[in-house]
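What follows is a single structure, written as structure tokens, with notes after it.
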Amino acid sequence: MNRIQRIKNTYYAINILYNMGIMVFGGTLYLYMKSIHYSYADINLFLSIFWIVGFITEIPSGVIADTFGRKKNADQQLRDQEHWPVPIIF
């Protein structure tokens, strides 16, 4: 039981830190775009596209992780980062 509680606490801590980072990123990005004179419509369009693309790309990543396992998926991500300038679409 102690091990399960430790795993849950670790999960909650990581989840809280991740969400706090997203909140800070979202707020500062909005303020930065406003400071360089983007309109509210431009900012909202950019953030909408950003979150939609993020949502769409997380689905295949989850399927790959479930199918092949976390370690193989992490290896693939490292290989993709080596060729980052190459578009992933191809």
Side-chain angles (χ1 to χ4, degrees):
M1 187 65 172
N2 190 17
R3 182 169 184 238
I4 293 174
Q5 187 62 36
R6 192 169 13 135
I7 291 171
K8 284 172 58 177
N9 289 342
T10 303
Y11 170 76
Y12 291 143
I14 290 172
N15 198 10
I16 287 169
L17 290 173
Y18 175 77
N19 287 324
M20 286 173 52
I22 293 293
M23 285 186 266
V24 169
F25 170 75
T28 55
L29 180 65
Y30 190 87
L31 292 173
Y32 171 72
M33 291 180 78
K34 190 63 184 159
S35 73
I36 56 175
H37 307 293
Y38 279 98
S39 69
Y40 289 116
D42 292 339
I43 296 170
N44 289 328
L45 177 66
F46 172 78
L47 290 175
S48 297
I49 292 171
F50 175 80
W51 291 113
I52 290 169
V53 168
F55 174 75
I56 291 171
T57 56
E58 283 183 14
I59 293 172
S61 176
V63 170
I64 292 170
D66 291 342
T67 304
F68 300 110
R70 291 183 308 184
K71 289 188 179 186
K72 288 184 182 178
N73 192 24
D75 291 342
Q76 182 63 39
Q77 288 176 356
L78 289 174
R79 277 185 252 127
D80 288 346
Q81 288 176 359
E82 293 172 0
H83 307 291
W84 181 74
V86 177
I88 297 175
I89 296 171
F90 300 109

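Note that these values count all heavy atoms, side chains included, but never hydrogens, waters or copies made by symmetry. Nothing fancy with the numbering, it's 1 onward along the sequence.
By the 30° and 60° cut-offs, the orientation of the rings of Phe25 relative to Trp51 is perpendicular.
Both Ile36 and Phe50 belong to a single network of hydrophobic side chains, linked directly or stepwise wherever heavy atoms of I, L, V, M, F, W or Y lie under 4.5 Å apart. Note on Ile56 and Phe46: separate hydrophobic clusters, where clusters join Ile, Leu, Val, Met, Phe, Trp and Tyr whose side-chain heavy atoms are under 4.5 Å apart, directly or indirectly. The hydrophobic cluster containing Leu45 does not contain Tyr38, counting ILVMFWY residues as joined when their side-chain heavy atoms lie under 4.5 angstrom apart, directly or transitively. Both Leu29 and Tyr40 belong to a common hydrophobic cluster when Ile, Leu, Val, Met, Phe, Trp and Tyr are linked at side-chain heavy-atom distances under 4.5 angstrom.
Taking CG of Leu47 as the start and CG of Asp42 as the end, the distance is 11.0 Å to the nearest 0.5 Å. The structure places CG of Asn2 at 6.0 Å from CZ of Arg6, a figure rounded to the nearest 0.5 Å. Atom OG1 of Thr28 and atom CE of Met23 lie 12.5 Å apart (nearest 0.5 Å).
Side-chain contact check for Ile43 versus Lys34: some heavy-atom pair is nearer than 4.5 Å.
A donor-acceptor pair is defined here as one N or O able to donate and one able to accept, closer than 3.5 Å; no such pair exists between the side chain of Asn15 and the backbone of Tyr11.
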